[in-house]
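Here's the structure, in structure tokens; my notes come after.
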Amino acid sequence: MSLADSVAHLSPERWEQANRLLIRKALAEFAHERLITPERDGEEYVVRGDDGLTRYRFTAVRRALDHWHIDPASLSRTRDGAELPLAALDFFIELKDTLGLSDEILPVYLEEISSTLSGTCYKLTKPQVPVAELARSGFQAVETGMTEGHPCFVANNGRLGFGIHEYLSYAPETASPVRLVWLAAHRSRAAFTAGVGIEYETFVRQELGEATVERFHGVLGEQGLDPADYLFIPVHPWQWWNKLTVTFAAEVARRNLVCLGEGDDEYLAQQSIRTFFNRSHPEKHYVKTALSVLNMGFMRGLSAAYMEATPAINDWLARLVEGDPVLKSTGVTVIRERAAVGYRHLEYERATDRYSPYRKMLAALWRESPVAGLREGESLATMASLLHVDHEGASFAAALVEQSGLAPREWLRQYLRAYYVPLLHSFYAYDLVYMPHGENVILVLKDGAVQRAIYKDIAEEIAVMDPDAVLPPEVRRIRVEVPEDKKLLSIFTDVFDCFFRFLAANLADAGVLEEDGFWRTVADVSREYQASVPELAEKFERYDLFAPEFALSCLNRLQLRDNRQMVDLADPSGALQLVGTLGNPVARF
């Protein structure tokens, strides 16, 4: 690739379009989070900059949960009546005080916005696939066809640390095949843990293949090292070139770490950027790697200490799901993180606390592939795809409804039974919550209709909110203390506000299902579930799903306050930014 080719996607027309789309999203989500209060002016709304002279005008439809649907074509920016171009970096500087951006955070946030805009420009160069076609495409075509990223976060593709060459090589939307780098890690500093029935040697040979294992043993042998003293760790190529070769130089020099070369299988980066799907052998495990890149409020490392308990937590949850008749009846499954390996850099550990990014630079886990569990005629799609809108503004979810031939409310009811009922039952029966956003759920589809849901990203994301829960010793770290009045936010915020709000708006905009019909169906399915488990009546009363309102928990406010460490991992619920309340859209049903 020539130097000029590397930035060919950054054309004036695409930049203008990317800025318009991002400012539209910023206005909508910041209005939702009450960072800004658009004023009504005839048919339009107006938002003023900190100087009182700069104005953003637009038309919008306001929907349930205080959702702002802004028409991007209607957006304009003026100062003292003179028309100005739409420029996202200017937007954040003009509203810096309103948004509470500190002098320290602002430049880093602008860098994340620049990266997000650059990514949008790249996506605008890709062949535009209509949703009707995407709805009939394979799992990875859907995964790499997503264009928006997280629906709430405005700076959602920061990926600070990736240069353009690395973006083109490793971003999920570029769909570039990746070979992982493999290291041998001395057992004195590395640990491998696995779920029931998995043994290291056999597992590694299955994942890598006999020939590759022998080749790697040969690399160690040539240096006079005994393969029995080492464990294999897969590494993101970016992490090897940018971090481990320098930050872990002592480990390489002492032969605590030995670079074995690339593996033979080709992988595709998933929406989470550091998880890889095996393209060469789709039935083999996903590999999740440590990646010291700043993205959406966190350094995306993986903790070696956390890896030790990961397989046990996954086995525990899989047994719970398998053994519960309500969960079993919904068809929900979890794809388990079956094995994990972590490397402990003893000097950095002595110098840092357990939440430091320096402790999260070298670890990996293997997660089951959902491909092996498919039945005849079934296909897979990331749940994030339900919020995808194509270049012509057409909704992917609407395309699935049409493909299914079902009435829209019946399609929705099937989806809710598959995805939402297991979340309700886990909460009410076990005080168990997930992080069930679009990127953490895979839907099994048949002719466009949702058959069942698959939850993933288990060990780092689930929590049991009952302080008295009896848990096996190796699983106890998932127990968290959450104030009573915040517990149900795991449904209200994570499901209603951060996912259903957008899905309901998309289906309404597409003319497929009015918002009333959407929320009435959510209420119906909730009541059906409650009626099926009368023994939990006391819990339903204590945590009222039909309460008239709930606290508004704001995600962008977290990132605007501290975009390097959005949440204090030692006290996640204490970090919540709660601002007023939202009317509960199911309350009136």
Does the side chain of E173 come under 3.5 Å of the side chain of T147 through a donor N or O and an acceptor N or O? no

Less than 6.0 Å separating the ring centroids of F248 and H345? yes

Any side-chain donor near an acceptor of the partner, D466 and Y430, under 3.5 Å: no

Against the six-membered ring of Y306, is R477 placed for a cation-pi contact (under 6.0 Å from the centre, within 45° of the normal)? yes

For H186 and D229, does a side-chain donor sit closer than 3.5 Å to a side-chain acceptor? no

Could you label the plane-to-plane angle of the F162 and H236 rings as parallel, tilted or perpendicular, counting under 30° as parallel and over 60° as perpendicular? tilted

Side-chain donor-acceptor pair under 3.5 Å between S385 and T382, yes or no? no

Can a donor-acceptor pair be found between the side chains of E166 and S169 at a distance below 3.5 Å? no

I want to check something: taking the side chain as every heavy atom from C-beta on, are F492 and L545 in contact at a cut-off of under 4.5 Å? yes

Would you please indicate yes or no on a ring centroid separation below 6.0 angstrom for Y529 and F540? yes

Decide if atom CD of E322 counts as having more than 12 heavy atoms of other residues, nucleotides or ligands within a radius under 6.0 Å. no

Are more than 12 heavy atoms from other residues, nucleotides or ligands located less than 6.0 Å from atom CZ of R479? yes

Output field: ring centroids Y286/Y267 closer than 6.0 Å: no

Please work out whether the ring planes of Y419 and F500 are parallel, tilted or perpendicular, with thresholds of 30° and 60°. perpendicular

Going by atom types only, do T352 and R359 share a side-chain donor-acceptor pair under 3.5 Å? yes

May I ask you to decide if the ring planes of Y428 and Y543 are parallel, tilted or perpendicular, using 30° and 60° as cut-offs? tilted

Taking the six-membered ring for Trp, are Y420 and Y415 closer than 6.0 Å centroid to centroid? no

Could you please spell out the steps behind the side chain to side chain donor-acceptor pair (under 3.5 Å) verdict for R279 and Q140? CA-CA 9 Å; R279 192 175 88 147; Q140 291 309 296; over 6 Å; no

Do F232 and F216 have ring centres separated by under 6.0 Å? yes

Got more than 12 heavy atoms from elsewhere within 6.0 Å of OH, Y358? no

Between D264 and T212, does any side-chain donor sit less than 3.5 Å from a side-chain acceptor? yes

Do N278 and E207 have side-chain atoms, one donor and one acceptor, less than 3.5 Å apart? no

Above 12 or not: heavy atoms from other molecules or residues under 6.0 Å from NZ of K328? no

